[in-house]
Structures are given as structure tokens and as C-alpha cells.
Amino acid sequence: MARLYPLFSGSSGNSVYISHRGEGVLIDAGRSAKQIEKCLIDSGININSIRSIFITHEHNDHISALKVFASRYAIKVYASKGTLLALEKKGVLNGRFSCEVIPSEGICSESMHVVPFKTSHDCCEGAGYVINLSGGAKVGVCTDLGYISPEVKKAICGCNVLVIESNHDVNMLRNCPYPYYLKKRILSEKGHLSNKACAAILPYLVNKGLSRIVLSHLSEHSNTYELAFNSSLEMLRAEGMDINRDFTLNVAPKLNSGGEKLIF
């Protein structure tokens, strides 16, 4: 039995915990160490079960707790070469925890095989991750990308569980008070995935075995829970797929204070 906890999601911080057969991994650590500790404890998660932390990229909403948290618990950190170089420049790599470039073939542990894939985002070398569990399930974490590239599509194809970005509603973004340069950045191929772009890929993935969908990284100013949820739901229904029969659909909370999780 495996579990996925979306601990934090959104511009104020992102982190996902995945566990299987007594060991866990953390994808990103984008709040304070104190907040992450509290969220893990409130969710009944043993912090010492975390074997590794995998970082998608160096933006603060994905790494703000990393230096303190990884140092405190001596957890090994993996990321792309470009991300590690960016973290070194930021002074995050303090020598109190080990870090390593994740190879393209991934990292194996007793019950998990974590494989990276490249994403298009305005960072040094962004990555998403696919976690292959020893029981056969496949979990993807795919956020902070301007578009679904062929490489991303190939990587997440066959996932049974997927945490995927549904960042903004395009019309809401165009009319929100963000400055023009920021709107342009978000809408670019190195920005963030819109509700429409996220929804468009889901029927294909459900046909390839996806059954549990978690929408994540929603914008606070250019999206709502309802818009993201309904955009994906309507696209899937239009393809003849029924919720709770062919798939489940959830939206990751900004702060998971109630221990919400997927069990699979």
C-alpha cells in the first residue's frame, strides 16, 4: 500500500510526500522547516521515514525549507545539475547534508525507483519526477512547466497517480492586477500550465492508465479551486469518462492541515 500527501501547494510553497513500504520521499520543500515538520507530524508521518528529497527547481516556493530541513535530519538531496549549481549560488548547499545530481536513469531504493524528466520553466534546469513503486504503481509529479513537451508526455504516460499543475485560468490571468511582464512570463512556454492545457492532456493519460489525478500549484490571483476542477472534469466528461468510475479528481490544498492523502 502506498500513500501520497500533497503537503503544500501554490505560490506560497510546494511539497509532496510519497510513501511505500515504510520509506518515503519528499518532492520539494517549499515552506519553512517548522511548517513542514508540523504538517508531517499532523498527518501522522514519521519524519525519519524520509529517505531522500527530490528538488524540481531552485525557486523559493520549492526550496525555502531545504537548507534547514535537510541539515536537521541529514537527508540526501537529489536534483538536476543546473538546479544544484543554482542552489549552491544561493548558499543553500551548506555541507551539512549530502546532495547529488540525479542520473537520467534515476535512483533506486528498496521500494522506489525515482526517475527525472526535463520540464520547460524559467529556471536553470527544471525537472519533474516519476516514482515507480515496487508493487507496480507509477506516480508522477509534474508542476512548473510552460507546456506539455513530448518528453513530459512520454514520462507521465502510464502513471496511475499524477500530481499535475493547473496554475491559472487564462481569462482570469489576463484581467488580474499582475504587471504585463509577469502575465507574459506565466503564459510563455517557460511559465506555468493553464487549466485548459492541463485538462487537455488528461483524457489521453486516463486512457493510458491514469486513475488518480491531483491538480496542484493553483495561482492565488488568477485561478480558483472550482475553475481548475471544473476545467479538467468537463474535458474528461467530454471524452466519455466518469468521475469515481474511470478516475478520481482532487485539488491539492494550499496547506494540508487535515492529513488529506491518496491511498493506492
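The shown structure was predicted, so the numbers you read here are calculated from the model rather than taken from an experiment.
Using a 4.5 Å cut-off between side-chain heavy atoms of Ile, Leu, Val, Met, Phe, Trp and Tyr, with links allowed through other members, Tyr178 and Met172 fall into different hydrophobic clusters. Cluster annotation: Val163 is not connected to Leu215 through the hydrophobic network of ILVMFWY side chains, with a link wherever side-chain heavy atoms come within less than 4.5 Å. Hydrophobic clustering (ILVMFWY, side-chain heavy atoms < 4.5 Å, transitive): Tyr147 and Leu173 are in distinct clusters. Cluster membership check: Phe229 shares its hydrophobic cluster with Leu205, using side-chain heavy-atom separations under 4.5 Å among Ile, Leu, Val, Met, Phe, Trp and Tyr. Clustering ILVMFWY residues whenever any of their side-chain heavy atoms sit less than 4.5 angstrom apart, transitively, puts Val115 in a cluster other than the one holding Ile27.
Closest approach of Tyr5 to Gly259, counting heavy atoms only: CE2-O, 3.9 Å. Closest approach of Ser32 and Ser64 over heavy atoms only: N-OG, 4.3 Å. His217 approaches Asp144 most closely through the heavy-atom pair CD2-OD1, 3.0 Å. Nearest approach of Pro203 to Met241, heavy atoms of both residues: O-CE, 3.3 Å. Summarising the geometry of Cys159 relative to Gly140, their closest heavy-atom pair is SG-N, 3.6 Å, with the distance given to 0.1 Å. Between Ile55 and Val77, the closest heavy-atom pair is CG1-CG1, 4.0 Å.
Donor-acceptor pairing under 3.5 Å is lacking for the side chains of Lys261 and Asn256. Side-chain contact, Arg31 with Ser12: a donor N or O sits under 3.5 Å from an acceptor N or O.
Classification of the His57-His62 ring pair by plane angle, with boundaries at 30° and 60°, yields tilted.
Using a 4.5 Å heavy-atom cutoff, the side chains of Leu262 and Val214 are in contact. By the 4.5 Å heavy-atom criterion applied to side chains, Ser49 and Tyr17 are counted as neighbours. Using a 4.5 Å heavy-atom cutoff, the side chains of Lys153 and Ile201 are in contact. Between Lys138 and Val130 the shortest side-chain heavy-atom distance falls below 4.5 Å. When side chains are defined from C-beta on, Asn160 does not count as touching Leu210, because their heavy atoms never get closer than 4.5 Å. Looking at Ile47 and Glu37, their side chains come closer than 4.5 Å, going by heavy atoms from C-beta outward. With a 4.5 Å cut-off on side-chain heavy atoms, Thr143 and Ile164 do not count as touching. Using a 4.5 Å heavy-atom threshold, the side chains of Ser232 and Cys198 count as touching.
In terms of modelled atom types and a separation under 3.5 Å, the side chain of Ser43 and the main chain of Ile45 share no donor-acceptor contact. A donor-acceptor pair is defined here as one N or O able to donate and one able to accept, closer than 3.5 Å; such a pair exists between the side chain of Ser71 and the backbone of Lys67.
The NZ atom of Lys196 sits 11.0 Å away from the NE2 atom of His168 when rounded to the nearest 0.5 Å. Atom CG of Asp28 sits about 12.5 Å away from atom CZ of Phe8, to the nearest 0.5 Å. A distance of 8.5 Å separates CG of Leu4 from OG of Ser19, quoted to the nearest 0.5 Å. Note that CG of Asn14 is 10.5 Å distant from CG of Leu7, once rounded to the nearest 0.5 Å. Note that CZ of Arg51 and CD1 of Ile53 are 13.0 Å apart. Values are rounded to the nearest 0.5 Å. To the nearest 0.5 angstrom, Leu193 atom CG is 12.5 Å from Ile186 atom CD1.
In this structure, His121 has its ring center under 6.0 Å from that of His59.
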List the steps, then state whether side chain to side chain contact (heavy atoms under 4.5 Å, CB included) holds for Leu218 with Ser9. CA-CA 7 Å; Leu218 275 65; Ser9 178; 5.5 Å; no
Test side chain to side chain contact (heavy atoms under 4.5 Å, CB included) on Tyr73 and Ile50 and set out the steps. CA-CA 9 Å; Tyr73 297 100; Ile50 301 173; over 6 Å; no
Begin from the C-alpha positions of Leu162 and Arg212 and carry the test side chain to side chain contact (heavy atoms under 4.5 Å, CB included) through to its verdict. CA-CA 6 Å; Leu162 182 64; Arg212 295 175 180 268; over 6 Å; no
Run the side chain to side chain contact (heavy atoms under 4.5 Å, CB included) test on Ile107 and Met112 for me, step by step, so that the C-alpha distance in whole Å, both residues' side-chain angles and the decisive distance to 0.1 Å come before the verdict. CA-CA 8 Å; Ile107 296 295; Met112 301 185 191; over 6 Å; no
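Paired with Asp122 under the rule salt bridge (Lys or Arg N to Asp or Glu O under 4.0 Å), one option of Lys190, Lys184, Arg185 passes, and it is Arg185. Among Ser134, Ser109, Ser111, the one residue that satisfies the side-chain hydrogen bond (donor to acceptor under 3.5 Å, both in side chains) test with Arg21 is Ser134. In summary, of the residues considered (Asn167, Asp169, Asn223), a side-chain hydrogen bond (donor to acceptor under 3.5 Å, both in side chains) with Asn195 occurs for Asn223 alone.
Between Lys89 and Glu58 there is no salt bridge, since no side-chain nitrogen of the basic residue lies less than 4.0 Å from a carboxylate oxygen of the acidic one. A salt bridge links Glu220 with Lys254; the closest basic N to acidic carboxylate O contact falls under 4.0 Å. Between Arg237 and Asp242 there is no salt bridge, since no side-chain N of the basic residue sits under 4.0 Å from a carboxylate O of the acidic one.
Annotation for Arg96: atom CZ does not count as buried by contact number, only 12 or fewer foreign heavy atoms lying within 6.0 Å. Around the CD atom of Glu105, the shell of radius 6.0 Å holds more than 12 heavy atoms that belong to other residues, nucleotides or ligands.
For Lys76, the salt bridge (charged side-chain N to carboxylate O under 4.0 Å, His left out) partners at least two apart in sequence or on another chain are Glu100. A search for ring-ring contact (aromatic ring centres under 6.0 Å, His included) contacts involving His20 returns nothing, not counting sequence neighbours.
Remark: Lys154 is not positioned above the aromatic ring of Phe117, lacking an NZ or CZ atom under 6.0 angstrom from the ring centre and at most 45 degrees off the axis.
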